[in-house]
Amino acid sequence: MDPDVIGIIIALFAFTATVLGGVSRMIARQSRGLEVRFDRIDERFTKVETDIADLRTELRTEMADLKTELKTDLKADIADVRISVARLEGPLPKLQRI
């Protein structure tokens with residue numbers, strides 16, 4: 001084989017290896033950047049999930065407190081209504097002889 005052909009083949013091989021190496025480095029750099037972005041997104045989702053769980057717990061506690069308060073208020077109101085009705089009706093009439 002002619003030495004020029006061998007030189008061209010070697011040059012093409014070296015050029016191809018250089019281009020592929022550059023492309024692989026570029027892809028590796030982009031994938032690292034994407035991994036960092038995805039990690040940040042995962043952290044945000046985790047934070048949002050914990051915030052939602054805390055809100056649920058807080059809302060459940062507040063709802064339980066409101067139920068207890070409403071029950072207490074309703075019991076007091078019902079007792080007041082019973083007393084008012086009893087006062088309006090007055091005492092039972094006594095039996096009278098005619």
Side-chain angles (χ1 to χ4, degrees):
M1 271 219 271
D2 191 27
D4 290 336
V5 174
I6 293 173
I8 291 172
I9 291 173
I10 290 173
L12 285 174
F13 179 74
F15 176 74
T16 305
T18 304
V19 170
L20 290 177
V23 169
S24 69
R25 282 187 181 183
M26 191 171 59
I27 290 173
R29 187 176 184 187
Q30 285 181 349
S31 67
R32 271 186 268 129
L34 288 175
E35 287 177 10
V36 169
R37 286 181 183 174
F38 284 131
D39 289 342
R40 288 180 187 163
I41 290 171
D42 286 341
E43 289 174 7
R44 287 180 184 174
F45 276 120
T46 304
K47 184 178 181 249
V48 168
E49 288 174 352
T50 54
D51 289 346
I52 289 173
D54 292 343
L55 283 174
R56 282 184 182 167
T57 305
E58 187 177 324
L59 285 174
R60 286 181 182 161
T61 304
E62 287 182 14
M63 286 176 58
D65 292 344
L66 284 174
K67 283 182 182 178
T68 306
E69 185 179 332
L70 282 174
K71 284 181 183 177
T72 305
D73 291 345
L74 283 176
K75 285 180 182 178
D77 289 343
I78 289 173
D80 290 342
V81 168
R82 286 182 181 168
I83 291 171
S84 298
V85 168
R87 286 183 181 158
L88 286 174
E89 289 179 354
L92 293 175
K94 294 182 182 179
L95 293 177
Q96 296 178 358
R97 290 187 182 175
I98 304 180

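All heavy atoms count here, side chains included; hydrogens, waters and symmetry mates do not.
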Indicate every side-chain donor-acceptor pair of residues 11-39 with a distance under 3.5 Å to a residue at least two apart or in another chain.
from	atom 1	to	atom 2	distance (Å)
T16	OG1	L12	O	2.7
T18	OG1	A14	O	2.7
S24	OG	L20	O	3.4
S24	OG	G21	O	2.8
S31	OG	I27	O	3.3
S31	OG	A28	O	2.8

Problem - Sequence-distant partners of V81, side-chain contact (heavy atoms from CB on, under 4.5 Å), two or more places apart - result: V85

Practice task
Give, for atom CD of E58 and atom CG of D51, the distance between the pair rounded to the nearest 0.5 Å.
Solution key: 11.0 Å

Practice task
Applying side-chain contact (heavy atoms from CB on, under 4.5 Å) between I6 and each of D4, I9, I10, report the one that passes.
Solution key: I10

Exercise for the section: Only counting residues at least two apart or in another chain, list the ones meeting side-chain contact (heavy atoms from CB on, under 4.5 Å) with I52. Expected result: V48, R56

With a cut-off of 3.5 Å and sequence neighbours excluded, list every side-chain donor-acceptor pair involving residues 64-73.
from	atom 1	to	atom 2	distance (Å)
T68	OG1	A64	O	2.9
T72	OG1	T68	O	2.9

Exercise for the section: Only counting residues at least two apart or in another chain, list the ones meeting side-chain contact (heavy atoms from CB on, under 4.5 Å) with D54. Expected result: none

